[in-house]
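Reminder, nothing fancy here: chain letters follow the sequence lines and each chain counts from 1. Everything numeric in this text was worked out from a predicted model, so none of it was measured.
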Number of protein chains: 2
Amino acid sequence: MQEHSKTPRLANRRELIIKTAARLFREKGFEATTVRELANAVHLQSGSLFFHFESKEEILLAVLEGGLLRAVAILNRSLHKARTPREKLAAIFHGHLKAILEEERDAFTIILRDWRTLSPRSRKAVIALRDKYEEHIDRVLREIAHEPFIPKDIRLFRLFLLGALNWTVQWYRPGGALTADQLAERFLSMVVADKDVAGKQRPTAKQTRVRAALRL
Amino acid sequence: MQEHSKTPRLANRRELIIKTAARLFREKGFEATTVRELANAVHLQSGSLFFHFESKEEILLAVLEGGLLRAVAILNRSLHKARTPREKLAAIFHGHLKAILEEERDAFTIILRDWRTLSPRSRKAVIALRDKYEEHIDRVLREIAHEPFIPKDIRLFRLFLLGALNWTVQWYRPGGALTADQLAERFLSMVVADKDVAGKQRPTAKQTRVRAALRL
DNA sequence: CCTACCGATCGGTAGG
DNA sequence: CCTACCGATCGGTAGG
């Protein structure tokens, strides 16, 4: 932890560039963000960015790879202690919303809008990570698929659910009325029987039976 | 309808430019599409585009305004003969998916990705049209909101449903296994009691009661 | 990590 | 609607 050690300073600067780029790319788009803007934001001359990165695209790649790797970790942590089908589905809702709305919102927003600008090589790397992330979700949903009363077409059910979750990046604003966790619980209650969601009004025995039968 | 009348030729050329621009902007993004590419695609010299439009942005504006205006018409047509709450919800599913997946996919994709590049003036015009479109959907959902057993938080329910529908632009490919109408029916069956959806296996009386009670 | 700079490309224009 | 062109800006580089 020496002040004068060069490696940590370089790593810190690199991380600062990546973090700042993530915000700018999300706010303005990758192509609309110039290297000069990014350089100014981290108090460098524009040419100096290329002391840390070979190209503007390499910065984008670093943003996306870092974000997706951390998102996988978030999802894993959320899924780790889930046991019952309901708990597993809840873990997906909570972990996924935490990843895309709070921790790694930049990466998910950018990948959705700007993935086309990546070179084939970079694109392959990013898609591999994205597939890894989605595999976790797919695996859990396939486990739940064998539960009774789940829609037959599990693929469409998955696309339906993930669509509703993913779309939140379009309207959710941090610091609003709901935290990501609260939003996850509200959404869960729309597709699955309440157990003790939010601890509020307990449903009648009949309602619980009915809704459990219908959805999970 | 004379061959030598100039007005229709001009109008046709203008429409061709708008239609071609819509496809290119969707495929490559607005900023990544150069005026030279667009000009080549319609067999003009790049400078000649500015005989028809004042700026590249004016082309984008024409693409979005045209698409949104036609989308409103599609939605109106779909909602026109809907009477019961279920029919109204079905009309939204069918009309909205037809608009965003088939007829006006370009405009919805572009507006989602590139609206930030519009000038404040253009943005205002586009947002006004978008609000008009969403008003139709909102109005119907508010009517349905008073039906029993609809989730209390109608706003979140709306965001949940529209999220699932809107997200289809990310994965649906025309010419695949499902038409937009078929997809609408499948999605409908996930949130509302079947009446005679697809005419397939009729649910039991109990199921119908249960699902109707739960969702609509 | 800065200074100084470059080739390429962009949207757009003048004049016909 | 074309020809010929321009000023601005872009990502990136050489040399220190």
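Side chain of A/Phe51, nearest nucleotide from C/dC1, D/dG12, C/dG11: C/dC1. For A/Arg13, the listed nucleotide lying nearest its side chain is C/dC1; candidates were D/dC1, C/dC1, D/dG12. With D/dC1, C/dT13, C/dC2 as the choices, the nucleotide that has an atom nearest any side-chain atom of A/Ser48 turns out to be C/dC2. You'll find that the side chain of A/Ser55 is closest to D/dG12, out of D/dG12, C/dT3, D/dC1. Distances were taken from every side-chain heavy atom of B/Gln45 (C-beta onward) to each of D/dG12, C/dG11, D/dT3; the shortest belongs to D/dT3.
Here the P atom of nucleotide D/dC1 and the CZ atom of B/Phe53 are 11 Å apart, to the nearest Å. Residue B/Leu24 contributes atom CG, which lies 12 Å from atom P of C/dG11 at whole-angstrom precision. Protein atom NE2 of A/His52 is 8 Å distant from nucleotide atom P of C/dC2, rounded to whole Å. The CZ-C1' distance, from A/Phe50 to C/dC1, rounds to 14 Å in whole Å. Atom pair B/Leu38:CG and C/dT9:P shows a separation of 19 Å (rounding to whole Å applied). The interatomic distance linking A/Glu37 (CD) with D/dG12 (P) rounds to 15 Å, in whole Å. Atoms CG (B/Asn40) and P (C/dC10) sit 11 Å apart, rounded to a whole Å. At whole-Å resolution of the value, CD in B/Glu54 and P in C/dG11 are 17 Å apart.
Remark: the backbone N or O of A/Lys98 is not paired with any side-chain donor or acceptor of A/Glu102 at under 3.5 angstrom.
Residue pairs meeting the side chain to side chain donor-acceptor pair (under 3.5 Å) criterion with at least one member in residues 59-81 of chain B, sequence neighbours excluded: B/Arg70-B/Glu104, B/Asn76-B/His136.
Within 4.0 Å of B/Thr34, counting heavy atoms only, lie sugar-phosphate atoms of the nucleic acid but no base atom. A/Leu44 comes within contact range of the sugar-phosphate backbone alone, with a heavy-atom separation under 4.0 Å but no base atom that close.
Across all strands shown, the partner of C/dA8 is D/dT9, judged by Watson-Crick or G-U wobble contacts whose two distances both fall under 3.5 Å. Across all strands shown, C/dC2 forms a Watson-Crick or G-U wobble pair with D/dG15, both key distances being under 3.5 Å.
Heavy atoms only, all atoms of each residue included: B/His96 and B/Tyr133 are closest at ND1-OH, 2.6 Å.
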May I have the step-by-step check of side-chain contact (heavy atoms from CB on, under 4.5 Å) for A/Leu159 and B/Thr168, ending in yes or no?
-> CA-CA 8 Å; A/Leu159 290 167; B/Thr168 58; over 6 Å; no
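DNA chain C is contacted by both A/Arg36 and A/His43; A/His43 maps to the nucleotide lying nearer its 5′ end (nearest heavy atom per residue).
For the 3.5 Å distance criterion, the side chains of A/Glu31 and A/Thr117 fail to qualify, holding no donor opposite an acceptor.
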